[in-house]
Amino acid sequence: MRQYLQTSVIWLLLALLLGLTVLASHVLTGPVSLFAGLFIAAMKAGLVLWFFMGMRHETPMIRLFGTGALFWLAALLLLSFIDYLSRGAV
Amino acid sequence: MTANPPSYLNAGHTIRSWLLTTDHKRIAVLYLVSVTFFFLVGGAAAGLVRADLLTPEGDLLTNEGYNRAFTLHGVIMVWFFLIPSIPNVFGNFLIPLMIGARDLAFPRLNLLSWYIYILGGLFTLIVLLVGGVDTGWTFYTPLSSMFSNGNVVLVAAAVFIVGFSSILTGLNFIVTIHRLRAPGMGWGRMPLFVWSHYATSIILVLATPVLSITLVLIAAERLFGLGIFDPSLGGDPLLFQHLFWFYSHPAVYIMVLPALGVISELVAAAARKPVFGYSFVAGSSIAIAIIGFFVWGHHMFVSGQSMYASAVFSFLSLAVAVPSGIKVYNWTATLYKGNILLDPPFLFAMSFIGLFVVGGLTGLALAMLSIDVHVHDTYFVVAHFHYIMVGGTISAYFGALHFWWPKMFGRMYPLTWGRITAATIFFGFNLTFFPQFILGFLGMPRRYHVYAPEFQTLHVLSSAGSTLLGLAYLLPFVYLGYSLVAGKRASANPWGATGLEWTVPSPPPKHNFVEIPTVTGRPYDYPVDKEDRR
């Protein structure tokens with residue numbers, strides 16, 4: 001029962017964060033909107049990883065691999081953004 | 001008296017026993033047969049391309065036909081030969097043997113991986129039958145998503161499918177290496193071949209999904225007109241290149257890291273000495289895998305990406321040279337004062353080192369922004385990546401084949417023919433691709449089949465080399481095939497090498513080890529007793 005409750009709470013939190021994403025995209029503009037969106041997305045991903053994917057029960061080695069995957073995703077986004085945000089500047 | 005258990009080859013003789021096997025060694029043989037088939041198809045397409053380039057007018061093929069031939073060559077060679085060749089054949093066969101395990105961690109998943117590979121291959125062959133695709137293996141948008149007349153979605157589906165085969169194999173290797181090492185085999189006692197496959201598997205698992213997503217996005221744009229990459233729909237073609245190369249540059253290391261692992265084994269066995277700087281060679285595999293993720297933008301220097309991004313990528317690309325250099329220097333130090341025999345595996349290893357160094361140094365040139373702008377999209381680039389991906393990987397693949405063939409099939413082959421093949425491949429390869437460095441530097445663009453007449457001499461040299469290379473690639477079919485029926489029986493350790501795989505009979509029994517061995521020493525504990533040799 002406790003597990004269902006927890007899953008439901010996390011699901012509700014995710015739904016709230018989704019609402020926040022929509023709100024942020026309407027209220028904020030420019031780079032701030034982008035970073036707010038990314039920040040909320042990171043929180044959602046964190047919740048999914050920690051609770052739904054069961055990372056909180058895993059060994060440090062599995063967590064290292066999970067963090068590694070996130071790190072590489074971050075590298076993909078960061079280096080692509082270096083291009084996007086500075087394109088046309090030179 | 002207990003009889004030796006039958007070898008894995010004799011554990012069942014029906015086709016069913018092969019097609020439903022979960023034995024990693026049999027699956028390796030299935031891969032050996034299938035990657036060889038795709039190597040022949042991809043090689044035939046290469047032959048067509050080189051034959052067309054004999055004349056400046058491109059008399060053999062139409063413009064469209066030429067595009068389809070080189071695309072087919074690229075797609076098949078990259079995804080159906082170079083990426084799976086060493087990991088899926090030799091990794092599958094050797095990793096459990098080298099770490100003292102009875103099989104991979106997930107034997108059924110391993111078989112599924114082969115079936116997925118075959119399914120992807122069938123899709124590709126269907127594309128071949130219905131007319132091919134003309135985008136190049138890179139599927140650049142908006143050509144692939146909006147303008148191409150070829151069967152882009154079908155090829156994308158083929159590559160998407162085969163990607164899952166890679167992911168499953170990588171996952172299987174990672175879990176196997178973590179969980180199934182024999183007692184006593186700590187990380188510092190693992191063979192370098194296993195280290196390199198560990199690094200490769202990390203790339204396979206982390207990078208391949210990005211390619212899969214990218215291919216789905218291409219299909220979505222092409223089929224449903226979603227504006228993802230097409231500027232006229234609000235998309236960005238450079239986004240495609242970022243996503244594509246985020247996978248495809250690390251894919252170069254998927255091809256070459258296993259090759260580096262093979263060479264470490266061959267060099268140590270040839271020199272009969274422990275590998276110089278074992279931990280640096282092991283660590284450099286991991287370093288190459290990690291840094292390899294941060295360099296993809298060097299494919300995009302002239303694409304219109306920001307100059308700042310190009311500068312960052314140029315700097316990061318140069319950094320890969322450090323761990324690569326560590327490997328080459330350490331192999332050289334290992335060979336120094338070694339008791340070297342000129343056996344075929346050693347000659348292939350030497351061939352690898354030569355080609356890898358030329359490919360690596362020209363890679364440094366291409367990583368420099370200024371030089372890349374001059375030679376971008378010329379034959380210089382074609383020559384460079386062939387030296388690394390083809391010269392390097394195929395030399396190592398043939399080296400591995402000649403080194404572990406007696407272990408895999410229990411038969412020796414005529415060593416002289418192996419030496420002739422190694423020398424011919426090295427000569428043929430250089431004759432094919434060295435002229436292309438000059439062609440590129442003089443300004444011959446890649447992907448063109450009509451060219452200025454002054455380039456013809458170099459193209460003819462290159463095509464002559466490719467003929468020689470093709471013949472050299474076919475030679476092993478003859479003498480290795482001959483060895484299967486009439487070759488001398490191989491002993492358990494014909495090269496006098498170290499490693500757990502040499503402690504089991506040739507060919508190994510179905511479950512590898514009667515008793516799981518306990519590892520008590522460091523790897524490459526040479527010299528080994530020579531009495532058993534050959």
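Atoms considered below: every heavy atom in the structure, side chains included; atoms not considered: hydrogens, waters and symmetry mates. Every chain is numbered from 1 and lettered A, B, ... according to where its sequence line falls, protein lines coming before strand lines. Just so you know, these numbers come straight off a predicted model, no measurement behind them.
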Around atom [atom1] of [X], are there more than 12 heavy atoms of other residues, nucleotides or ligands at under 6.0 Å?
X	atom1	value
B:Phe280	CZ	no
B:Trp187	CH2	yes
A:Arg56	CZ	yes
A:Met55	CE	yes
A:Phe52	CZ	yes

Open item on the list: Is it the case that the ring center of B:His242 lies less than 6.0 angstrom away from the ring center of A:Phe81?
Closed with: no

Open item on the list: Using a 3.5 Å distance criterion without hydrogens, assess whether the side chain of A:Asp83 forms a donor-acceptor pair with backbone atoms of B:Ala309.
Closed with: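 Such a contact is absent between A:Asp83 side chain and B:Ala309 backbone.
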
Task: Any donor-acceptor pair under 3.5 Å from A:Tyr84 side chain to B:Leu239 backbone - done: yes

Open item on the list: If you define the side chain from C-beta out and look only at heavy atoms, does anything of A:Trp72 sit under 4.5 Å from B:Ile290?
Closed with: yes

TODO: Taking the side chain as every heavy atom from C-beta outward, state whether B:Ile174 and A:Phe65 have any atom pair closer than 4.5 Å.
DONE: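 Yes; the side chains approach each other to less than 4.5 Å.
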
Open item on the list: Please rank B:Trp296, B:Phe313, B:Phe294 by heavy-atom pairs under 4.5 Å with chain A and give me the top one.
Closed with: B:Trp296

Open item on the list: Heavy-atom pairs under 4.5 Å with chain A: which of B:Asp236, B:Leu206, B:Leu316 has the most?
Closed with: B:Asp236

Can you measure from [atom1] ([X]) to [atom2] ([Y]) and round to the nearest 0.5 angstrom?
X	Y	atom1	atom2	value
B:Phe246	A:Leu77	CZ	CG	8.5 Å
B:Gln305	A:Arg87	CD	CZ	8.0 Å
B:Leu243	A:Leu76	CG	CG	6.0 Å

